[in-house]
Amino acid sequence: MKAVDLPPDYYLSNFLSLVNFVADRYTSLLSPGEKTFYDSFQSVDPDAQKLYVRLLSRKGQLFRRSKLSYSEIDSIETAAQILAGAGLLDIDPVVEPAVLVPLFSKAELLALCVERGELKTFRTLGRGALEKALLVQAESVGLRLSGADTVYRINGEEAFTTFKLCYFGNLRQDLTDYVLRDLGLQTYERYSLEQRHLLFQSRAQIERHLQYYRCAEQLDTVIGADADTLVDFHAGLPAKDRADKTLSRRLDRLTLTLARQLERLDALDQADMLYRACERPPARERRARLAAKQGRPAAALAFCRDILAAPRSEEELTFAGAFGYRIARRHGDDWPQPPAYQVPTKTVVLAAGPASVEWAAAEYLAAEGRCFYVENTLFNGVLGLFIWDIVFAPVAGAFFNPFQTAPGDFYEPDFHIARAELLQARFEQLSGPAFTDTVKRNFRHKRGIANPLVAWQYLSEELIDLALTRIPAAHWEKIFRRQLAELRNNRAGLPDLVLFPPDSGYELVEVKGPGDRLQKNQLRWMCFFAEHNIAHRVLAVEWGDCA
DNA sequence: GCGGGTTCAG
DNA sequence: TTCACACTGTCAG
DNA sequence: GACAGTGTGTCTCTGAACCCGCAG
Ligand SMILES: [Mn+2]
Ligand SMILES: [Mn+2]
């Protein structure tokens, strides 16, 4: 499909692009060690730089010389010596045998470390058991292994981590993002990068993010530990910073996970303590549930009233109304009864087959019109195409590197507030021809460019044309405004199918198989449709043998 | 030998 | 390096 | 009916090389 060839030193160019970008902008925020790292790297010749980047993009810090084969580097030995002279690499460093053993395969370990007489017993061991057995005689094993191959250890990984954080704003992305882009496998919108607004304002802020990621790395192992360990782990997280929403979002996410695990361990007081540190949902919901569970109904109701007074999401608002009612009624208190919406439902019996229930339902409904299995992709997609340039508009601080699929504040609650004028002006085009023009133009011109609202492989010209023709502007506007109000929550929960009858109109259909029920977000969308007279229903499918 | 998983390259 | 959705099991009213 | 926990398909690309465990 694509015959893109990368230049032979592509990885070095990418590395230099990244570190130079950061060095240009962040000199005053880099630590002495990070500056030394940068300067040392610049001081060595290209072959040494290439070897360094090759090793840096491999896993681990220790490498066996004999496992390295890079035809574009003239002499790996020379390059290694130069790197060693610059302090970027150690040759045959003194290390624990325990970190040496994983560099060798089982066959090698048996050949190098096991006497002939013992082969029979050792050969039957699994990898883990063999390593353990060998380390009983650590010194001799270490000696034999270090004699078997030259070992390199790269330094400066930590410094490079800071550079990556400053460049990407996260530690999820790395140099492979350059490759994927340059191979044409991932396309990013070409928004303008403002030099002016930097992602990080102080060294302390960088340190907090680094500390967060150090903790986050350990989460997988820590999550299986006991309650005290979890609480200690939480205490090791960096402090929140009022001005840093990104950090706050990451800390909340991690803390919610920890608190949820504490609940499972029945450490309810500790869980509550952690929830108290979270600003975002569902912290208050969990605290209300905890209070009720612990026999403190008044406290539970107080949390519900807190939420009702200042909901941070529609989900927690709905929860507070329903949960408050249940708790209040149980204790004879007054509480308004939450509205209950009975979604119009039609039941059909379909022949059981290999296809999923959604596809079977779509086939069944094809008798009533053109039917598409779209879930969230239709409304998210058309919204994304309609406001494409607003999503990528140069709002202060929104874009800080070329590898973003969305502005930094895309899922923040005030995304739409920061772009209120642009969005208002755009909404005024909804009733005219500019709406369909914009959507169709962007569908053609932006095709393939990454956008969290647009799932390209699920959108077709036919679907978009039909939707734009059949769905009235007033409906688009109501739906778009609801999506934008809470992009995180409202981008999901839209019905499975959209049905276009032969002549006019449309209907949104959520398919439910036996034993499946509407999820909370699906029900909220259904209530919304009812409120705005948007045709919708649940199609309950039962499996039968009649065709 | 195979199948599954991981690592690496582009 | 998930996320959205479906499915299953439980508990209580 | 409410809730929790788990499974599934899908994500970021894909193919080659390698390693390991297991069956034969
Ligand atoms: Mn669905
Ligand atoms: Mn469904």
Side-chain angles (χ1 to χ4, degrees), chain A residues 1-14 50 53-60 63-64 67-72 102-110 123-131 170-188 216-217 219-220 253 257 260-261 263-264 282 285-286 289 292-293 318-319 322-323 325-327 329-330 338 340 356-359 373-377 380 403 405 411 448 450 452 455-458 488-496 510-523 525 541:
Chain A
M1 182 161 144
K2 67 227 144 245
V4 185
D5 266 353
L6 299 179
D9 62 345
Y10 72 93
Y11 54 94
L12 178 57
S13 312
N14 296 341
K50 287 180 192 170
V53 178
R54 283 295 199 188
L55 296 183
L56 194 63
S57 49
R58 286 211 191 183
K59 199 165 185 181
F63 306 97
R64 285 167 58 187
K67 294 283 186 182
L68 306 178
S69 161
Y70 300 118
S71 57
E72 78 279 13
L103 302 180
F104 293 81
S105 72
K106 260 183 80 175
E108 288 171 323
L109 291 173
L110 289 171
R123 208 198 292 277
T124 57
L125 299 175
R127 169 92 214 185
L130 175 63
E131 290 194 12
N170 61 60
L171 290 184
R172 178 176 48 86
Q173 294 175 283
D174 57 27
L175 287 171
T176 64
D177 289 64
Y178 277 90
V179 180
L180 294 182
R181 178 196 62 180
D182 295 340
L183 287 174
L185 295 167
Q186 175 85 302
T187 316
Y188 297 94
E217 262 181 18
L219 181 66
D220 272 352
R253 201 176 132 88
T257 305
R260 203 69 189 74
Q261 182 59 18
E263 283 194 70
R264 289 186 196 100
E285 169 180 334
R286 298 312 312 175
R289 289 187 193 280
K293 190 173 178 182
T318 309
F319 161 80
F323 193 72
Y325 178 70
R326 225 167 47 231
I327 300 299
R329 223 172 54 138
R330 197 179 300 167
S356 73
V357 68
E358 291 87 357
W359 285 112
Y373 180 16
V374 294
E375 271 181 352
N376 306 306
T377 59
N380 285 350
F403 297 97
T405 59
Y411 288 119
W456 289 106
Q457 71 255 51
Y458 292 98
R488 173 65 73 178
N489 291 325
N490 293 344
R491 70 181 172 164
L494 285 149
D496 293 315
E510 171 58 35
V511 181
K512 287 300 170 197
D516 189 17
R517 326 174 43 122
L518 284 174
Q519 299 175 34
K520 285 184 291 181
N521 55 358
Q522 294 173 332
L523 184 60
W525 271 114
V541 175

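Residue numbering restarts at 1 for every chain, and letters A, B, ... go by the order of the sequence lines. Quick caveat: nothing in here was measured; it's all calculated off a predicted structure.
- A distance of about 15 Å separates the P atoms of D/dG9 and B/dG4, rounded to the whole Å.
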Revision key, fill the gap. With B for base contact, S for sugar-phosphate-only contact and - for none (protein heavy atoms under 4.0 Å), nucleotides 3-10 of chain B reads ----SSSB
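- Relative to the side chain of A/Ser105, the nucleotides D/dC20, C/dC5, D/dA4 differ in distance, and D/dC20 lies closest.
- Side-chain atoms of A/Asp177 come within 3.5 Å of backbone N or O of A/Asp174 as a donor-acceptor pair.
- Residues A/Lys50 and A/Glu72 are not paired through a salt bridge, judged by the lack of any N-O separation under 4.0 Å between the basic side chain and the carboxylate.
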Exercise for review: Determine which bases of DNA chain D form Watson-Crick or G-U wobble pairs with both distances under 3.5 Å, and write the result as a 5' to 3' dot-bracket string with | for other-strand partners.
Suggested key: |||||||||...||||||||||..
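- For A/Gln522 and C/dC5, the shortest distance from a side-chain N or O to OP1 or OP2 is not below 4.0 Å.
- The phosphate of D/dC11 (OP1 or OP2) has a side-chain N or O of A/Gln457 nearer than 4.0 angstrom.
- A cation-pi arrangement is absent between A/Arg181 and A/Tyr188 under the rule of less than 6.0 angstrom and at most 45 degrees off the ring axis.
- Side-chain atoms of A/Glu510 come within 3.5 Å of backbone N or O of A/Asp496 as a donor-acceptor pair.
- The phosphate of D/dG1 (OP1 or OP2) has no side-chain N or O of A/Arg326 nearer than 4.0 angstrom.
- An OP1 or OP2 oxygen of C/dA4 is reached within less than 4.0 angstrom by a side-chain nitrogen or oxygen of A/Arg491.
- Spacing of P atoms, B/dG5 relative to D/dG7, comes out at 15 Å, to the nearest Å.
- Aromatic ring centroids of A/Tyr178 and A/Phe403 lie under 6.0 Å apart.
- Nearest to the side chain of A/Arg127, among C/dA6, D/dG5, D/dC19, sits D/dC19.
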